[in-house]
Amino acid sequence: MSEEKKSLNFIEHIIEEDLANGLPKEKLRFRFPPEPNGYLHIGHTKAIGISFGLGETYNAPVNLRFDDTNPAKEEQEYVDAIKKDISWLGYQWENELYSSDYFQRLYEWAVQMIKDGKAYVDSQSSEVMAEQKGTPTQVGTNSPYRNRSVEENLELFEGMKAGKFPAGTHLLRAKIDMEDPNMLMRDPIMYRIMFAKHHRTGDDWCIYPMYDWTHGESDYIEQVSHSLCSLEFKPHRELYNWFRDHVYDYAKDKLPMPPKQREFARLNLSYTIMSKRKLLRLVEEGIVSGWDDPRMPTISGLRRRGYTPNSIRKFIEKVGVAKRENVIDVSLLEFCIREDLNKIANRVMAVLDPIKVVITNYPEDKEEWLEAENNQEDESAGYRKVPFSREIYIEKDDFKEEAGSKYFRLKLGGEVRLKNAYIIKANSVVKDANGNITEIHCTYDEDTSKKVKGTLHWVSIKHAITAEVREYDRLFMHESPDSQKDKDFMAFINPKSLTIKTGYLEPSLAEVEVGERFQFQRLGYFNVDDDSTAEKLVFNKTVGLRDSWAKQKPKPQNNQNKPKPQQQKRSAISVIQQFGKKYTKLSDEKQQTVKAEIQELAKEVSYDDLEPLFGTAVKKAGTRIVTIIALKVLLKNGLEKNDAINEFIDKAKADKNDVLVAEAAEI
RNA sequence: UGGCCUAUGGUGUAACUGGCUAACACAUCUGUUUUUGGUACAGAAGAGUCUAGGUUCGAAACCUAGUAGGCCAACCA
C-alpha cells in the first residue's frame, strides 16, 4: 500500500483537522440538497462530486435531500429527473429525504423559539419591511411589532398555521439585530403564509419555512457533519450558526452533532451559461429543443450528447475545489470525454461530406469483405468485416488536385492508403459544367505493405447506409456570455451551433441501439441519438478528435486564440522591472543585449521612479542588478549621489550574486 | 458610505501548514512511433506567487496598507 499522498483540497483539510481533533470517522455525514425546481447541470455536478466524492473517500453516508420549501416552484417531475441524473453519474445516496419531512419538527422548534423570545410575528407589508431592513451600507430599524408579547406571538403564529389569515398578512421572524452589518441577520423571515399545494405534503400546511430556517436544521436533524455549498452562501453561515445554536439547545440530547457549513467556488465553464433561469429561456424561446438538447450543459444534455458518467466525474476531479472564482476551459471537458471514449468506443468508418472515387482497375462486379480492427486500444473489442468495391466515397476534404508536400492526403498523382484496404493512386478527375469535381479516378495496388504517408477512411457506395448526423458547435460565441454588463447573453448565441448532415456509413452500423457510442475514424466520437429509429438512424457528434492538422491551416478569421489585450504603452521603469525578473536566468549573451536595452530605457527614468526599487528584497537579485544598471545611467547623466544611493550600492557590493557585485563595483 | 470573501504560468488546482530550482493537469509548441494528421511516448516554452512595506536566518504562505475581482437589500434556494 504505497498510496501516493494526494494533495488535499481545503475542505478535505478541514475534515482531516476535525478528525485529528477527535471527531470520530463514523460521524462523518454529507448531503446533496437540490431544490426540485429545474434540471441539474454540469455546475451542480461539482457540488455532487464534492459531497458524494467525500462520502466515497471517507466511506461516509451521503443523503439526497430535496430542499422543497417553496411549493410554488417545485414539482415531482424535477425530483424524478434529479434522481435519474445522480444515479446515472454513478453515485448512490444513503437516504432519499425531503425537507418537507421535517415541517412538523421545524414548527415545534419555531414555537419554542417564540417562547424563548427569539422569534416574533410581524404584520407589515413587504414594502414597509424592505424599507426597515436598510441597505448593505445602512442599518435597519426595528419593526413596531418586534416586541409583541410571547402570548400574542404564539396566538398569531397558531392562527397563521390554522389558515386564519390571508397570505401576506403575517410572518414569523427571528429576533436578532436590525443593525447587524450582515443583512441576513436583520430579523430574517422564518415562515410565510402560502396557500399552495405542495408536491408531497399537499394541503397539510399553509405556512412554509424559509431556506435559512429549514436548510441548516435539516442538516442538523440528519446529523450531517459537513454541509458544503457554494460561495454565495457564505453570508448565510452566520445565520446558519445562529439558528443551529439555538436549536441545539433544544435537542442536543438526541442530536449531538452540530453541523458546520463550508463554502466553495461554483463551477463556471467557458462559452457556457449555468443559470437555471437562463437555460430555461433557451428552452422556452426554442433556441434549443429542450432541457436535454445535446448543446445544453445539463446532465441530460450531456448524456444525450454522448458524454459518459466517467468522463464527467473525471472532469470534476480535475477541476479541483477552492474558494476563488474560476472559469474552466471547455477543452478540459473535451479532453476528459476523449480520454474515456478513446478506450471504449469502437472505431467505424463514416463519410460525412462525400466525394466519389472510382477505382478503375477494380472489377465492376467484384466486392470483398475486408477485416477491420474494432479498437486498437482494446484487444478484446475484436474485428469486423467491411465491404469494398469499385466505387467508394471519401471526404471532400481528403482530396486536392494539387497540394504541397505537407498535405498527406490524396492528390493527383499521389498515393494514399485506404484504411483497412488498399493503396490507391489518383489519376484524373471528372468535373461538372461548373468545374466542380464529381469523381476521382484512381487505380489500386494490392500491395499494402508499401509506406505511404496518408491513410483515409472511406465507405463503399453500394453498401453504405445513410444516417442523419448532427454536429454541434458551442452555443455561445463569447467566452463568458452571461457576465457582460451591457449585453444580454442572448446576443452571443451562435447561429451555427447545429449542423445536420447526411452521413454514409459502413453497413455494420445498420443495427445500432440508442446511446451506443462510436468513433467515426478520423472524425470524432458519435453516439446514437434518442430520435434514432430502425428506419432512420440519427447520430450526434459528441466531440471531434484532436486535430493538429486543422490547427495548421489558416483559421477562418477566428482569432479566439490570442485576443491578448495589449496594454497601452508601459512606462520605462516598469519595462525595466520586467527585465529584472528574468535577468539572472538569461545567458551571458542575452544579458548583454538586455542590458543595452535597459541603458536606453533608463534615459527616460527619473530618480523618483528608481528610488522605490532600492528597497527590493535581497532575494530578487535580478531586479537589483537592473536597478544598478539604470542607476549608473542616471549618475552618468548628472545625478548626485545621496545616502540612499550609497547604501544601495554598498549592499549590492556585499551580495552573493556575482553579476550584481560586478555591476555595483563599476560605480 | 458598510460588511464578508478571494488574488500562484493562458486556464484550473498544488506546495507535506514558514524551508530544495514553486509542482501537476488542460491548453500551446517540437520531435519519435503509428494503416486514424487520433492514441502512446519523449521533450520545450511559459510564474520570482496582485503591489508596497513589515515580521523572520528564511515568506506564495504570517502582519499592515493599497489595488483588483466577487458576494450581500426576494414572503427564492
Side-chain angles (χ1 to χ4, degrees), chain A residues 5-9 13 33-35 37 67-70 72-74 125-126 129-130 133-140 167-168 170-171 180-184 186 189 191-194 208 210-212 214-215 229 231-238 263 265 270 276 318-329 331-336 338-339 342-343 347 349 372-373 376-377 406-409 417-421 423 448 451-457 519-524 544-552 561-562 564 580-582 584-585 612 615 617 619-623:
Chain A
K5 73 175 157 211
K6 217 181 102 225
S7 61
L8 305 176
N9 64 46
H13 276 127
E35 183 190 11
N37 71 341
D67 256 343
D68 54 349
T69 58
N70 186 0
K73 288 190 185 173
E74 295 147 8
S125 70
S126 58
M129 278 183 44
K133 194 152 191 182
T135 68
T137 57
Q138 218 176 326
V139 297
H170 300 283
L171 289 167
D180 197 296
N182 181 349
M183 294 201 61
L184 289 158
R186 322 237 258 233
I189 297 168
Y191 280 92
R192 76 283 214 191
I193 299 171
M194 272 179 109
Y208 288 93
M210 300 288 288
Y211 165 84
D212 286 294
T214 313
H215 187 90
C229 59
L231 235 40
E232 77 239 55
F233 289 97
K234 176 69 218 285
H236 292 251
R237 185 150 116 196
E238 200 179 351
E263 312 81 13
S270 62
K276 275 187 201 171
K318 282 183 180 294
V319 150
V321 182
K323 284 204 268 199
R324 55 175 165 170
E325 297 292 329
N326 57 77
V327 182
I328 312 292
D329 201 314
S331 66
L332 183 61
L333 218 208
E334 294 179 347
F335 169 81
C336 291
R338 285 193 191 108
E339 188 186 40
N342 177 49
K343 284 180 293 202
R347 271 110 245 239
M349 293 195 287
E373 191 174 12
Q376 46 277 78
E377 307 295 323
K406 294 258 237 170
Y407 187 79
F408 301 163
R409 308 175 184 184
R417 182 187 302 279
L418 294 176
K419 180 84 187 169
N420 305 315
I423 290 173
T448 59
K451 276 240 176 228
V452 291
K453 197 72 174 146
T455 302
L456 307 185
H457 62 277
Q519 184 196 98
F520 288 2
Q521 263 181 332
R522 301 211 305 134
L523 297 176
L545 257 28
R546 270 189 83 221
D547 188 350
S548 47
W549 168 244
K551 282 180 202 154
Q552 289 176 31
N561 260 338
K562 32 139 187 212
K564 258 260 128 70
K581 291 179 179 178
K582 301 186 169 179
T584 53
K585 284 193 217 158
K619 183 181 166 188
K620 300 178 182 176
T623 303

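All figures in this text were calculated on a predicted structure; none of them were measured in a lab.
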Judged by whether its glycosidic angle lies within 90° of 0, B:U17 is syn
Between A:Thr137 and A:Ile328, who's closer to the 5' end of RNA chain B by nearest nucleotide?
A:Thr137
I want to confirm an ordering. Mapping A:Val327 and A:Ser125 to their closest nucleotides on RNA chain B, which one lands closer to the 5' end?
A:Val327
How is [X] classified with respect to the nucleic acid when contacts are heavy atoms under 4.0 Å: base, sugar-phosphate, or nothing?
| X | answer |
| --- | --- |
| A:Ala322 | sugar-phosphate |
| A:Asn182 | nothing |
| A:Ser331 | sugar-phosphate |
| A:Thr69 | sugar-phosphate |
| A:Gln521 | base |
| A:Val321 | sugar-phosphate |
| A:His457 | nothing |

Defining pairs by Watson-Crick or G-U wobble geometry with both distances under 3.5 Å, how would you list the stems of RNA chain B with at least three pairs each?
B:2-7 with B:67-72, B:10-13 with B:23-26, B:28-32 with B:40-44, B:50-54 with B:62-66
Could you tell me which residues satisfy side chain to side chain contact (heavy atoms under 4.5 Å, CB included) with A:Asn37, sequence neighbours excluded, listed by chain and number?
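Result, side chain to side chain contact (heavy atoms under 4.5 Å, CB included) vs A:Asn37: A:Glu35, A:Lys73, A:Glu74, A:Lys276.
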Partners passing side chain to side chain contact (heavy atoms under 4.5 Å, CB included) against A:Ala130 (at least two apart in sequence or in another chain):
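In terms of side chain to side chain contact (heavy atoms under 4.5 Å, CB included), with neighbours along the sequence ignored, A:Ala130 is linked to no residue.
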Once ring pair (Phe, Tyr, Trp, His ring centres under 6.0 Å) is applied, do any residues pair with A:Phe335, and if so which ones, sequence neighbours excluded?
none
Measure from [atom1] on [X] to [atom2] on [N] and round the result to the nearest Å.
| X | N | atom1 | atom2 | answer |
| --- | --- | --- | --- | --- |
| A:Leu231 | B:C71 | CG | P | 10 Å |
| A:Asp180 | B:C4 | CG | C1' | 11 Å |
| A:Glu373 | B:U36 | CD | C1' | 12 Å |
| A:Phe335 | B:G12 | CZ | C1' | 13 Å |
| A:Leu332 | B:G10 | CG | P | 18 Å |

Suppose you measure atom [atom1] in [N] against the same atom in [M]; what distance do you get, rounded to whole Å?
| N | M | atom1 | value |
| --- | --- | --- | --- |
| B:A65 | B:G70 | P | 22 Å |
| B:U35 | B:C50 | P | 49 Å |
| B:G54 | B:G18 | C1' | 15 Å |

Between A:His236 and A:Tyr211, how do the two ring planes meet: parallel, tilted or perpendicular, split at 30° and 60°?
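Rings of A:His236 and A:Tyr211: perpendicular, over 60°.
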Residues two or more places apart in sequence or in another chain: which of them pass salt bridge (charged side-chain N to carboxylate O under 4.0 Å, His left out) with A:Arg522?
A:Asp398
Quick one: which of B:C5, B:A77, B:U35 gets closest to the side chain of A:Lys234?
B:C5
Assign a letter to each nucleotide of nucleotides 37-42 of chain B from its 5' end: B, base within under 4.0 Å of a protein heavy atom; S, sugar-phosphate only; -, no contact.
BBS---
